[in-house]
Each structure stands twice: as C-alpha cells, then as structure tokens.
Protein chains: 2
Amino acid sequence: MTDPAWLDEREQRAWRGFLAVNAAVRSRIARQLQQETGLSSADYAVLVSLSEAPGGRLRVFQLRVAADWEKTRLTHQITRMTSRGLVAREPCVDDPRGAFVVLTEAGWDAITGAAPLHVAHVRRWFFDALRPEQVEALLDLNDTVLGHLREADRTMGVPCPPCDVPSSCDDVLP
Amino acid sequence: MTDPAWLDEREQRAWRGFLAVNAAVRSRIARQLQQETGLSSADYAVLVSLSEAPGGRLRVFQLRVAADWEKTRLTHQITRMTSRGLVAREPCVDDPRGAFVVLTEAGWDAITGAAPLHVAHVRRWFFDALRPEQVEALLDLNDTVLGHLREADRTMGVPCPPCDVPSSCDDVLP
DNA sequence: TCGTCATGGGTGACGTGTCACCGACACAGT
DNA sequence: ACTGTGTCGGTGACACGTCACCCATGACGA
C-alpha cells in the first residue's frame with residue numbers, strides 16, 4: 001500500500017478524471033434535454049422510474065429507494081412536478097400515512113417524448129466514444145464500487161431497503 | 001451498430017451504474033467533508049485550485065477554466081466564500097475590468113486541514129475497492145471520453161480555453 | 001470619431017437540494 | 001393507559017446552480 005495520506009499521480013488523474021468525465025457528460029445531456037423538452041435530469045429520473053412501475057404508480061418510499069434519493073429531495077421534487085401536472089399524489093388505502101405517486105397523462109407524454117432524445121444524447125456523448133471492452137471494464141468497475149459501498153453499509157448499521165424495488169438508478173435514465 | 005433508438009441491456013446497466021456509482025461516492029464524500037470541516041465540495045474544489053496556483057491567486061476566468069464551471073456559478077461561489085472569509089477579491093492592475101481571487105489565511109488553513117480528510121474519504125469509498133488494472137481501465141476510459149467531448153467541441157464552434165491553465169478538474173480534489 | 005462586437009465580470013430571480021424539525025400512525029414494553 | 005421508538009411523509013429556511021440580463025473595457029473597421 002502506498003502512503004495513505006495522499007494520492008499518487010495515477011490515482012490523482014484517475015479520480016479527477018472520474019469526476020470531470022461524469023460532470024461533463026451529465027451537464028451536456030441535462031442541458032440538451034432541458035432545452036428540447038423542458039425536463040430536468042431529476043424530472044426525467046422520476047418519470048422513468050414511474051414509467052417502469054406497473055400502472056405508473058409507486059409508493060413514495062419505493063421511488064426513493066429506486067432513485068437512491070434523500071427523502072426531502074423527493075418530496076420537493078414531487079411537489080414541483082405535481083404543480084406542473086406531470087405526476088399526481090394519491091392517498092394509500094392500506095397505509096393511512098402512506099402516499100402514491102402516479103404518472104399523469106401529461107407525464108406519460110413527457111417521458112415517451114423525451115426518452116428517445118435522451119438515448120440519443122447518451123449515445124452521442126458517451127457510448128459513441130467507447131469500445132466494447134471499455135464498456136465491459138465500466139460494468140466491472142461499477143459492480144466493484146457499488147458492492148464495496150453496500151458492504152460498508154452492511155457492516156455498519158445501515159439496513160437493507162425497506163421494500164423490493166427493481167434496481168438502483170440515479171439521475172438520468174435510461 | 002445496434003438500434004440507435006434505444007440502449008441494449010449492457011449499455012443500460014453500464015450507463016445507470018456510471019451515474020449511480022458517481023452519485024453515491026460523491027455524496028458520501030461530500031457529506032463527510034461537510035460535517036468534518038464545514039466545506040462543501042464546491043468550496044473544496046475552489047480552495048484546491050487556488051492552493052495549486054502560485055501565491056494562491058488566480059484570475060477569475062482561470063479558475064473558471066480550471067474547474068470547468070459556468071461563469072455565474074463561480075461568481076456566486078466566490079461571493080459566498082468571500083463573505084465567509086475563505087477567499088478575497090483583488091482588482092487587477094493590468095486589466096481594469098479583470099479581478100483576482102486570492103486565498104486568505106483562513107482559506108489556507110481550511111484547505112490544509114481538509115485535504116488529508118478528503119484523501120482518506122476518496123481512498124475509503126473509491127480506491128480501496130479497486131484493483132490496479134481497474135484504475136488503469138478508468139484512466140483509459142476518462143481519456144477516451146474527454147477526448148471525444150473535446151473533439152466534438154472542436155469540430156463545432158467552441159474555441160480553446162482563453163488561457164493556459166494547469167488542467168481540468170471538476171468538483172472534488174485531489 | 002462613432003458604432004459594433006467580443007471579453008471579463010457581476011446581479012437578481014428562480015428552480016433545485018439539504019438540514020432541522022414536525023405530524024400522524026403503529027407497535028413495543030411497562 | 002402511557003411512554004418510547006420506528007416508519008412514512010411533509011414543511012420552511014437556507015445554500016447552491018442556472019438563466020437572462022446588465023455594465024465596463026478594449027479592439028476594429030466605417
């Protein structure tokens with residue numbers, strides 16, 4: 001192991017590049033999507049998660065786990081999207097303190113219109129640059145780091161997600 | 001080439017993982033750094049860029065290029081950091097409409113205190129999980145994608161950075 | 001000399017994210 | 001009944017990021 005108090009030159013480059021690439025790709029895609037559809041990346045992520053759920057409906061905490069967001073962030077996001085007519089809140093009969101979020105007609109239109117554009121941007125700014133073995137390496141790196149984080153959460157007190165939810169997906173999709 | 005209107009299963013996993021890993025690692029590091037030092041990731045990035053410049057001084061547009069930030073974002077960030085005493089603005093004698101940003105005493109203290117903690121977090125949440133060949137693959141991926149983006153900028157109208165600056169580094173450093 | 005345009009930098013409004021805190025409900029032990 | 005404690009969800013204040021727009025300076029041609 002090298003000196004743990006600092007990063008060596010390779011690690012430095014790898015870390016800064018890791019941040020720079022992600023920020024650059026995301027900002028390009030977010031800006032274009034915003035201009036073309038009026039949707040932010042956060043809007044898009046919520047719409048995708050809901051559109052992948054049966055009936056376009058999800059409990060708030062399911063959406064929270066699916067997107068790996070903080071509770072309050074999601075509450076505010078839903079409030080704003082409700083005021084724009086993209087989603088709607090519905091009370092939950094089983095659990096009086098629970099609530100559903102449902103895709104509206106306008107929400108369906110928004111996500112079906114935005115998804116092809118978003119895919120095109122992801123291709124253009126990301127996958128068009130990558131060779132197949134680089135995609136493979138990325139998959140490996142993702143699994144490794146996410147597994148590492150989950151393992152750390154597990155050995156500390158963090159419990160498993162409270163409910164069965166498809167998969168973790170942050171920010172921009174698909 | 002596969003159907004350009006959609007992502008196949010591997011691409012989907014790679015892309016969502018790319019976003020999820022980055023968000024998870026960054027949020028963990030940002031939260032810990034905030035708790036321990038009161039510095040946000042944006043604060044830290046600015047402090048690092050300034051601390052790497054001779055005299056801890058940089059023209060505003062140099063800082064902007066170094067961090068690859070939007071102009072207004074940097075202006076607001078500097079204003080906030082100035083009000084907290086971490087940096088100071090100084091007029092530029094050469095260019096009457098220019099301005100310098102300078103690290104204050106408190107700014108030096110903040111960055112020298114925060115850097116070792118930050119490095120420890122980057123190790124813990126990121127490099128501790130990675131084998132050397134994964135770091136190598138990440139370096140390759142970074143260069144590939146950043147090169148792709150720069151190439152796209154070049155063939156379109158985007159000019160080169162207006163000034164010679166060390167290197168692009170977004171958000172959190174080192 | 002007078003427009004015109006590019007550059008360096010800033011301001012204000014507004015959307016977004018986070019923190020501290022609250023309310024309602026369920027369930028445990030006493 | 002009575003008080004924790006945990007879960008599900010929300011509110012308000014404040015920090016952060018972006019957009020549209022402004023001001024000042026300087027280069028350049030008519």
Side-chain angles (χ1 to χ4, degrees), chain A residues 23 26-28 30-35 38-46 58-65 67-84 86 89-101 157-163 165 170-172, chain B residues 23 26-28 30-35 38-46 58-65 67-84 86 89-101 157-163 165 170-172:
Chain A
R26 274 192 301 126
S27 75
R28 275 172 163 80
R31 197 178 315 275
Q32 290 191 344
L33 196 70
Q34 177 82 46
Q35 288 174 350
L39 297 173
S40 68
S41 292
D43 297 332
Y44 188 75
V46 168
L58 234 36
R59 285 289 297 268
V60 174
F61 73 90
Q62 291 179 309
L63 197 49
R64 195 164 61 75
V65 173
D68 194 24
W69 278 13
E70 304 224 346
K71 188 176 53 174
T72 318
R73 176 183 177 191
L74 184 54
T75 297
H76 285 310
Q77 183 70 32
I78 293 172
T79 301
R80 292 187 294 257
M81 292 178 75
T82 299
S83 75
R84 287 189 288 151
L86 294 170
R89 281 191 226 261
E90 280 185 8
C92 177
V93 290
D94 303 339
D95 188 342
R97 70 199 195 283
F100 278 100
V101 192
V158 183
C160 286
C163 194
V165 174
D170 190 282
D171 272 356
V172 193
Chain B
R26 275 191 300 125
S27 75
R28 275 171 163 80
R31 197 178 316 275
Q32 290 191 344
L33 195 71
Q34 177 82 45
Q35 286 173 351
L39 296 173
S40 68
S41 293
D43 296 333
Y44 187 75
V46 168
L58 234 37
R59 285 290 297 269
V60 174
F61 72 90
Q62 291 180 306
L63 197 49
R64 195 163 62 74
V65 173
D68 193 24
W69 280 10
E70 304 223 348
K71 188 176 53 174
T72 318
R73 177 183 177 188
L74 184 54
T75 297
H76 285 311
Q77 183 70 31
I78 292 170
T79 302
R80 290 187 295 257
M81 292 178 75
T82 299
S83 75
R84 286 190 289 154
L86 294 171
R89 282 190 226 260
E90 280 184 9
C92 178
V93 290
D94 303 339
D95 187 343
R97 70 198 196 287
F100 279 101
V101 191
V158 183
C160 285
C163 194
V165 174
D170 189 281
D171 273 356
V172 192

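Heavy-atom basis, side chains included; hydrogens, waters and symmetry copies ignored. The sequence lines fix the lettering, A, B, ..., with proteins before strands; numbering per chain opens at 1.
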Q: Considering every strand and a 4.0 Å limit on heavy-atom distances, what is the contact class for Gln34(A): base, sugar-phosphate, or nothing?
A: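 Since no nucleic acid heavy atom lies under 4.0 Å of Gln34(A), the category is nothing.
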Q: State which residues pass side-chain hydrogen bond (donor to acceptor under 3.5 Å, both in side chains) with Arg59(A); sequence neighbours excluded, sorted by chain then number.
A: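 side-chain hydrogen bond (donor to acceptor under 3.5 Å, both in side chains) list for Arg59(A), sorted by chain: empty.
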Q: Which residues pass the side chain to side chain contact (heavy atoms under 4.5 Å, CB included) test with Arg97(A), not counting sequence neighbours?
A: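 Arg97(A) satisfies side chain to side chain contact (heavy atoms under 4.5 Å, CB included) with Asp95(A) once adjacent residues are dropped.
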Q: What are the two closest heavy atoms between Arg64(B) and Lys71(B), and how far apart are they?
A: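 Looking at all heavy atoms of both residues, the closest pair is CD-CA, 3.3 Å.
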Q: To the nearest Å, how far apart are Phe100(A) CZ and dC8(D) C1'?
A: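 Going from Phe100(A) (CZ) to dC8(D) (C1'), I get 13 Å.
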Q: Using whole Å, report how far CZ of Phe61(A) lies from P of dT7(D).
A: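 That distance rounds to 12 Å.
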Q: Hey, is the side chain of Arg31(B) poking within less than 4.0 Å of OP1 or OP2 on dC19(C), counting only N and O atoms?
A: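 Yes, such a contact exists.
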Q: Note down the inter-axis angle between the two ends of the helix from dT1(C)-dA30(D) to dT30(C)-dA1(D), five pairs each, to the nearest 10°.
A: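 For the helix from dT1(C)-dA30(D) to dT30(C)-dA1(D), the axes at opposite ends meet at about 0°.
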Q: Rounded to the Å, how far apart are Leu74(A) CG and dC19(C) P?
A: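 Going from CG in Leu74(A) over to P in dC19(C) covers 15 Å.
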Q: Between Val101(B) and Ile78(B), is any pair of side-chain heavy atoms under 4.5 Å apart?
A: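 Yes, at least one pair of side-chain atoms sits under 4.5 Å.
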Q: Could you state the atom-to-atom distance from CZ of Arg97(B) to P of dT11(C) in whole Å?
A: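 Rounded to the whole Å, the gap is 17 Å.
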Q: Assuming nearest nucleotide by heavy-atom distance, tell me which of Arg84(B) and Lys71(B) is located more 5' along DNA chain D.
A: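 Counting from the 5' end, the first nearest nucleotide belongs to Arg84(B).
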Q: Atom CH2 of Trp69(A) and atom P of dC19(C): how far apart are they, to the nearest Å?
A: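 After rounding, the reported distance stands at 15 Å.
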Q: Evaluate the side-chain proximity of Arg80(B) to His76(B): yes if any heavy-atom separation is below 4.5 Å, no if none is.
A: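 Result yes, sub-4.5 Å side-chain heavy-atom pair found.
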Q: dT16(C) P sits how many Å from Leu33(A) CG, rounded?
A: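 The answer, rounded to whole Å, is 13 Å.
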Q: Compare the minimum distances between each of dT18(C), dG26(D), dG9(D) and the side chain of Arg73(A), then state the nucleotide with the smallest one.
A: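 Nearest to the side-chain atoms of Arg73(A), counting from C-beta on, is dT18(C).
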Q: Closest to the Ala42(A) side chain: dG17(D), dG17(C), dC19(C)?
A: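 Looking only at side-chain atoms, Ala42(A) lies closest to dG17(C).
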Q: Among all residues two or more places apart in sequence or in another chain, which pass the side chain to side chain contact (heavy atoms under 4.5 Å, CB included) test with Gln34(B)?
A: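 Partners of Gln34(B) under the side chain to side chain contact (heavy atoms under 4.5 Å, CB included) test: Ser40(B).
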Q: Quick one: does Arg84(B)'s side chain get under 4.5 Å of Leu86(B)'s, heavy atoms only?
A: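 Of all side-chain heavy-atom pairs linking Leu86(B) with Arg84(B), at least one is under 4.5 Å.
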Q: Round to a whole Å and report the spacing from CG of Leu86(A) to P of dG15(C).
A: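 It is 14 Å, rounded to the nearest whole Å.
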Q: List for me each residue that meets side chain to side chain contact (heavy atoms under 4.5 Å, CB included) alongside Thr79(B), sequence neighbours excluded, and say none if there are none.
A: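 Checked Thr79(B) against side chain to side chain contact (heavy atoms under 4.5 Å, CB included); matches are Thr75(B), Arg89(B).
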Q: Pairs under 3.5 angstrom, nitrogen or oxygen only, protein versus nucleotides 11-15 of chain D, please.
A:
from, atom 1, to, atom 2, distance (Å)
dG12(D), O6, His76(A), NE2, 2.8

Q: Less than 4.5 Å apart, any side-chain heavy atom of Trp69(B) and any of Val46(B)?
A: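 They are in side-chain contact.
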Q: In whole Å, I'd like the distance from the CD atom of Glu70(B) to the C1' atom of dC14(C).
A: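 Result: 15 Å.
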